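Please read all numbers here as calculations on a predicted model, not as lab measurements. So you know, we letter chains A, B, ... as the sequences are listed, proteins then strands, and number each from 1. Values below: every heavy atom of this structure, side chains too, minus hydrogens, waters and symmetry copies.
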Amino acid sequence: MEDHLNFSFSENISSFKLEDFESFETYNEIPIQFDIGKDFFENDHQEKTKKKKKIKLVGCNCMKTKCLKLYCECFANKMYCKKACKCRNCNNCANYDDRDKAVVEAFERNSAAFEHSRYTCTRGCNCKFSECKKKYCSCFLNGISCTAVCTCENCKNIKIR
DNA sequence: GAGTTTGAAACT
DNA sequence: CAGTTTCAAACTC
Ligand SMILES: [Zn+2]
Ligand SMILES: [Zn+2]
Ligand SMILES: [Zn+2]
Ligand SMILES: [Zn+2]
Ligand SMILES: [Zn+2]
Ligand SMILES: [Zn+2]
């Protein structure tokens, strides 16, 4: 585990905590900063809290990527796929060499690849057609208002510039 | 359930 | 970088 993560990326991933990565895989959970009303998550989400909160993914439906790219919500959230996933040809499992390689490749493409996801929404959105009022918009999906970091057009999600 | 729309990720 | 393609989820019917 440690080998493929450190590889030659010690600088890029210096802020990344390996132990977090491993625990996420083990428990299929991600810490999240705010409440989410999203079908992808199976748990209740009544309480709003600023603290980290663990949310369980229901599962992905990837057909073409073997769940080894950020298209896959499981992979993007540092989780293995699990029973609830309906993916085809899934390689996002423990002890798959392809999976280890894919993690490194994702770091290569973007050193912050695993610091953000659709479900943490830390980079804002770039919506063009949804007016940020549907779940196509990652801000709306997470139940938060668009902010100055968003570059959306015709935003109806309480944008403050 | 099938087909369309959407915007991020990936690719060139 | 920018433009294009690919992808899986969100959405519509
Ligand atoms: Zn997947
Ligand atoms: Zn999955
Ligand atoms: Zn999978
Ligand atoms: Zn948006
Ligand atoms: Zn936004
Ligand atoms: Zn917006």
Side-chain angles (χ1 to χ4, degrees), chain A residues 4-5 7-9 11-13 15-16 20-21 24-25 28-45 53-94 96-161:
Chain A
H4 76 261
L5 278 178
F7 205 53
S8 57
F9 299 91
E11 293 179 6
N12 286 347
I13 64 173
S15 63
F16 197 80
D20 288 346
F21 200 101
F24 297 160
E25 288 180 334
N28 280 342
E29 292 172 338
I30 57 172
I32 196 144
Q33 300 279 4
F34 33 74
D35 183 50
I36 288 185
K38 166 69 175 69
D39 296 342
F40 202 73
F41 298 101
E42 67 185 358
N43 72 320
D44 59 311
H45 40 264
K53 173 183 178 184
K54 291 197 170 179
I55 296 198
K56 295 178 181 175
L57 293 172
V58 167
C60 68
N61 299 282
C62 305
M63 292 289 110
K64 311 179 78 165
T65 61
K66 303 178 181 177
C67 300
L68 292 184
K69 297 197 173 172
L70 297 178
Y71 294 128
C72 173
E73 305 296 356
C74 300
F75 184 80
N77 287 294
K78 308 173 229 164
M79 287 177 275
Y80 293 136
C81 284
K82 53 182 185 176
K83 303 174 202 75
C85 294
K86 295 166 185 161
C87 34
R88 180 191 303 178
N89 301 327
C90 182
N91 283 34
N92 184 27
C93 313
Y96 271 52
D97 291 343
D98 284 357
R99 203 260 188 187
D100 294 343
K101 192 184 304 178
V103 170
V104 173
E105 288 170 350
F107 273 117
E108 273 185 320
R109 285 189 291 266
N110 175 10
S111 62
F114 295 100
E115 296 173 14
H116 310 280
S117 86
R118 210 155 160 253
Y119 303 98
T120 53
C121 193
T122 51
R123 284 179 297 193
C125 69
N126 185 35
C127 303
K128 295 283 183 292
F129 303 105
S130 72
E131 300 180 325
C132 303
K133 62 182 186 184
K134 295 180 180 177
K135 289 182 180 178
Y136 294 128
C137 170
S138 58
C139 297
F140 183 91
L141 168 66
N142 287 282
I144 62 174
S145 158
C146 288
T147 68
V149 303
C150 301
T151 54
C152 39
E153 299 177 6
N154 305 316
C155 181
K156 300 284 199 304
N157 192 23
I158 323 176
K159 185 166 207 169
I160 305 160
R161 285 249 181 221

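Residues passing the side-chain hydrogen bond (donor to acceptor under 3.5 Å, both in side chains) test with E131(A) are K133(A), K156(A), sequence neighbours excluded. Remark: K134(A) engages Y136(A) in a side-chain contact (heavy atoms from CB on, under 4.5 Å) (not counting sequence neighbours).
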>> As a quick check of understanding, evaluate side chain to side chain contact (heavy atoms under 4.5 Å, CB included) for C150(A) and C155(A), giving each step before the final call.
In response: CA-CA 9 Å; C150(A) 301; C155(A) 181; over 6 Å; no
>> Using the rule given for side chain to side chain contact (heavy atoms under 4.5 Å, CB included), can you reason through C125(A) versus C132(A), listing the C-alpha separation, both sets of side-chain angles and the distance that settles it, and then say yes or no?
In response: CA-CA 8 Å; C125(A) 69; C132(A) 303; 3.8 Å; yes
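N142(A) has its CG atom 16 Å from the P atom of dA9(C), to the nearest Å. For the pair E73(A) CD and dA10(C) C1', the interatomic distance rounds to 11 Å; values are reported in whole Å. For the pair K66(A) NZ and dC7(C) P, the interatomic distance rounds to 12 Å; values are reported in whole Å. Remark: P of dC7(C) and CZ of R88(A) are 12 Å apart, rounded to the nearest angstrom.
Panel note: side chain S145(A), backbone I158(A); a donor-acceptor pair is recorded below 3.5 Å.
Atoms NZ and CG, on K64(A) and N89(A) in that order, are 12.0 Å from each other to the nearest 0.5 Å.
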> Once each nucleotide of nucleotides 6-12 of chain B is scored for protein heavy atoms under 4.0 Å, what B/S/- sequence comes out, 5' to 3'?
Replying inline: SSBBSS-
